[in-house]
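Take a look at the structure below.
The basis for the numbers below is simple: all heavy atoms, side chains too, and nothing from hydrogens, waters or symmetry mates.
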Amino acid sequence: MARFRNKKKNVFAKNVLKKQPMMGVDHITGDKIPKSFVFSRGKLPPPLRQLQMDLRKLMLPYTALKLKEKKRNNLKDFLNVSGPMGVTHFLIVSKTESAPYLRVAKTPQGPTLTFKIHEYSLAADIAQSQLRPRCPQDLFKNSPLIVLSGFGTGDQHLKLTTVVFQNIFPAIDINTVKLSTCQRIVLLNYNKDTKLIDFRHYSIRLQPLGVSRKIRKVIQKHEVPDLRNLQDVSDFVTKAGYGSESEADDEAATVSLPTDLGRANRKSTQSAVRLQEIGPRMTLQLVKVEEGLCSGSVIFNEGGVSDAKKKQETKQVEDEDDEVSEDDREEEEEEEEEEVEMEEN
Amino acid sequence: MAHDMQTGVKKRKFGHGNPKFQNTRKGKKFQRGGSGQDDVRAKKMDPKTKKFFQKRIRDYNSDDDDGSHEEQEKVHGDAAGPVVRKYERVKRKNEKAGGTGMDFSDDEMDEKEEDSGEEIEVSEDEDGEIQPGVLRFSEGCKAFRLAFKKLTKKTGSADEDILGPVLKDQKKLVAEKLAEVDAEQKIKSVAKKKKHLVGEKGHVKLVNLDSHEKSLIGIATKGVVKLFNAVNKAQHAQKGLNPGRFKDEKVIKKRRKEAFFSALGQSSSKQVGSQPKVDSSSGTGSADAPAWAPLRDNYMLANSKKKDWDKMQETTTDADDFGLPAGADSSSDDDE
């Protein structure tokens, strides 16, 4: 028995990043850095496995990219490991006959948000659809920014969603942050009408404004430009070529930088912000909010009314893809009974 | 002898279209002429060997008491089939006609002599008796030839299938078997497809950039611009000061402290303003979800950033539903 334990621990110990001397604390701001595990419950089909991998990449650098999971690993194993490792969030991918599901849970006590994945596209699909997929080397070396939009409707479960997702990535201190570390952005857009959440992942690119494309290329690349077709060197500068593809909407997307950023974007010059999708892309629906970690009473249910009946139904659904240990289940049921009594009273 | 067999096989193959071959086949009536030719060639042979062969032939004939070789052949034919015999003979004749017979070894000559000799004998000795038998034999041979030709023609002309004339009869069987395998595979593939479909559920591969995506990119861009502008504003104050240098660091610290205290005065009032909102909302939440309050407490305990949470609400409500953690961080909480 003890031997098994050690084995499990070793598996995870290999995979956790140990970057800072002070574990889980930002060395500048002193904030606690949230870390995450992305894993699956049950057997996933290949595309979903890929989605899980994409999610891990998205959660970089404070996640276990090569987290090994075995069939016999249950939620408690991950939970036991998460404490010493400073893992604060679980992203759990699972699948039922009807649809794949994503659960975002805070450790160790919850809450757990269960999302139904209506549609998803892998990073590979998105890269395939693009003419020039972009992936700079240090793209995944810093955690992404997060933008939550449309969540301010005042609903409790939406508020909770915003809070959970904000804390999933390390907070940014405006005074000390380097803009060169802001390479990616995760967008969560809530649609009031459809009640769906669009989950997008973009890479951020800055381009100097008011510079012709040719010159920009010369600056960005370390290559000698091709001057064969030109009469004079001055033609290279004066001949503008075709204009930028979206010069018109640049007004809203311009920023002036406090520091130099790369070779092209100089300090206190105008730069245009360009986003390019890197995936994965998901359309989520918040189905359920649970109090505990994949257990506990249901705070919010998509059905609307938190009837005991409905709860049981959802639990049955969940039983298919979830393997909460027996103790948890019992506790859950007890709590549920109490709640029912409360309601009757 | 082996060499002979090989050439013989080849010849047989050739023989189908050979006019001479057909000539010889037309019947024993022409055998005279053929045998005459043989005789001419025989004359050319060494008389000694000829004598020897003749003797052998006689001996051979004398073994059967009738002396008719044709009948002997028939007897043999029961076992090997007269047709085969006939073919053999035809082949030999063909060989002779082709002129390859000149350099045949003695063994071969022996056989040929045998053939020609017997033919001569047959025609000379028992002409009246054997002739109908020969005819019958030749007729039978013709029928076989026709049938064979038909078969070869069929397979040759109509390139219907790989199955030969023999396998053709089993065509039905083979087809059945193939159909069975096909059906099996179909069932398998259907099952596989179904599994694949279940696995692919919700997977959208065709990613197109429509207006919705563009609007999403616009929203994200707005967020980024907001953050960058905020960072620019905050870090503009430290312009010219190197945080690495001790002297500058002191100045920066001082400024931040001032900013913090100024912010503290504002934020305290803001917190007072925002706090009831949370409470009221939680109150409404408790109406339909009885377990909400414990959750919130739990969350507040678990999450160390209470300030962020409040600020976050502000940004979401005030600023067009935007929430940036960057915006949430006030300029104060790092140095304290």
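Remark: B:His203 engages A:Tyr120 in a ring-ring contact (aromatic ring centres under 6.0 Å, His included) (not counting sequence neighbours). Residues that satisfy the salt bridge (Lys or Arg N to Asp or Glu O under 4.0 Å) test with B:Glu213, not counting sequence neighbours, are A:Arg200, A:Arg281.
A distance of 11.5 Å separates CD1 in B:Ile219 from CG in A:Leu275, rounded to the nearest 0.5 Å. For the atom pair CD1 (A:Ile204) and OG1 (B:Thr221), the distance works out to 9.0 Å, reported to the nearest 0.5 Å. Taking CD of A:Glu277 as the reference point, atom CD1 of B:Ile217 lies at 6.5 Å (rounded to 0.5 Å). Interatomic distance, CG of B:Leu216 versus CG of A:Asn191, reported as 9.0 Å (0.5 Å rounding). The CZ atom of B:Phe228 sits 9.5 Å away from atom OG of A:Ser271, with the distance rounded to the nearest 0.5 Å.
Proximity to chain A is limited to the side chain of B:His212, based on heavy atoms less than 4.5 angstrom apart. Proximity to chain B is limited to the backbone of A:Ser98, based on heavy atoms less than 4.5 angstrom apart. Contact of A:Leu187 with chain B is made through the side chain alone, with heavy-atom distances under 4.5 Å.
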Verdict with reasoning, A:Cys182 to B:Leu227, per side-chain contact (heavy atoms from CB on, under 4.5 Å): CA-CA 10 Å; A:Cys182 303; B:Leu227 166 72; 4.3 Å; yes
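Across all their heavy atoms, B:Ala220 and A:Ile185 have their closest contact at O-CD1, 3.9 Å.
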